[in-house]
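Throughout, residue positions are numbered sequentially from 1 according to the sequence presented.
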Amino acid sequence: MKTLFLAWQSPRSGSWFPIGRLTFNGKEYQFNYTNGVLEAKLKCGFQPLPSFPNFNNVYTSQKLFSLFSNRVMSRSRPDYHEFVQWLNIPEHEHDSIALLARSGGKRATDKFEVFPCPEPDENGRYCIHFFADGLRYLSKSAIERINRLQVGEFLHLAHEFQNPRASRLLLCTKDHWIVGYCQRYLVDDIFEIISQHPELVRVEVDRLNQPPTPLHFRLLCKMTTDCQQGFRPFKGPMYQAVSSDVLAESAIG
């Protein structure tokens, strides 16, 4: 089973919500809303998507839903080969879910993105790839340091407390350069792990795409975690399927 979460950012407040979940079992795609959509509706007025008009329904299809397929680069595009190189995915593995999981599926025309739900390997270890966020806010010197990173180079995680409304996780080099941020969807789970067992989390450079690659595809990181028994990523209520009871309570409220 392959799983992606769909996230939405309010264009007015900038608040970020995981609103849905896409799964693929090898034969059929399935989409359902998660409880995060109810918070998005309450706080930011989010309305059901035209393709998925009912918060409580489970939608199935033999083909990838257009909301997601439109975010996958076509193999016929002349820059497709270069694109999959940026993602560090073998070109012959044209797996839409894998491409979305690695790229994020962002488009300039809306505020949606996707991210994967990792599965543990046979040793109980989780591995997730992500592109470092926030590079556009860094100094020219920091970007130059990023361009000198080496594959396999270890990156330290550090808390950023300058913004009390949204604590972030910084990615730092051994020589103390800030080279970006962890993606937002990783923060809660990683905070939980490193607050108790920081030695269980490792982040390293998986691929560096040199200029003129866009900054949001410049630095690909690989995070591995040797988790304690019982750990499961994205287990919070925001990531769980919307239930009839929750919808009823929301309607009453």
Taken to the nearest 0.5 Å, the spacing of His216 NE2 from Phe131 CZ works out to 8.5 Å
The reported gap from CD in Gln30 to OG1 in Thr23 (rounded to nearest 0.5 angstrom) is 4.5 Å
N/O donor-acceptor pair under 3.5 Å between [X] side chain and [Y] backbone:
{"X": "Thr34", "Y": "Pro18", "answer": "yes"}
{"X": "Asn209", "Y": "Trp86", "answer": "yes"}
{"X": "Thr225", "Y": "Leu200", "answer": "no"}
{"X": "Asp121", "Y": "Asn123", "answer": "yes"}
{"X": "Glu153", "Y": "Gln150", "answer": "yes"}

Within the 4.5 Å heavy-atom criterion, are [X] and [Y] side-chain neighbours or not?
{"X": "Val205", "Y": "Val179", "result": "no"}
{"X": "Thr173", "Y": "Leu149", "result": "yes"}
{"X": "Leu170", "Y": "Leu157", "result": "no"}
{"X": "Val187", "Y": "Tyr181", "result": "no"}
{"X": "Leu64", "Y": "Leu22", "result": "yes"}

Only residue of Tyr59, Phe55, Phe17, Tyr239 satisfying ring pair (Phe, Tyr, Trp, His ring centres under 6.0 Å) with Tyr33 is Phe55
Residue set satisfying salt bridge (charged side-chain N to carboxylate O under 4.0 Å, His left out) with Asp133, at least two apart, ordered chain then number -> Arg168
Would you confirm whether the ring centroid of [Y] sits within less than 6.0 angstrom of the ring centroid of [X]?
{"X": "Tyr29", "Y": "Phe68", "result": "no"}
{"X": "Phe5", "Y": "Phe234", "result": "yes"}
{"X": "Phe115", "Y": "Phe130", "result": "no"}

For [X] and [Y], which heavy atoms make the closest approach, and how far apart are they?
{"X": "Asn147", "Y": "Gln210", "value": "O-NE2, 3.0 Å"}
{"X": "Leu87", "Y": "Leu220", "value": "O-CD2, 3.6 Å"}
{"X": "Val242", "Y": "Asn56", "value": "O-OD1, 3.6 Å"}

- Should the pair Arg102-Asp95 be classified as a salt bridge under the 4.0 Å nitrogen-to-oxygen rule? no
Would you tell me whether Ser139 and Ser141 have side-chain atoms, one donor and one acceptor, within less than 3.5 Å of each other?
no
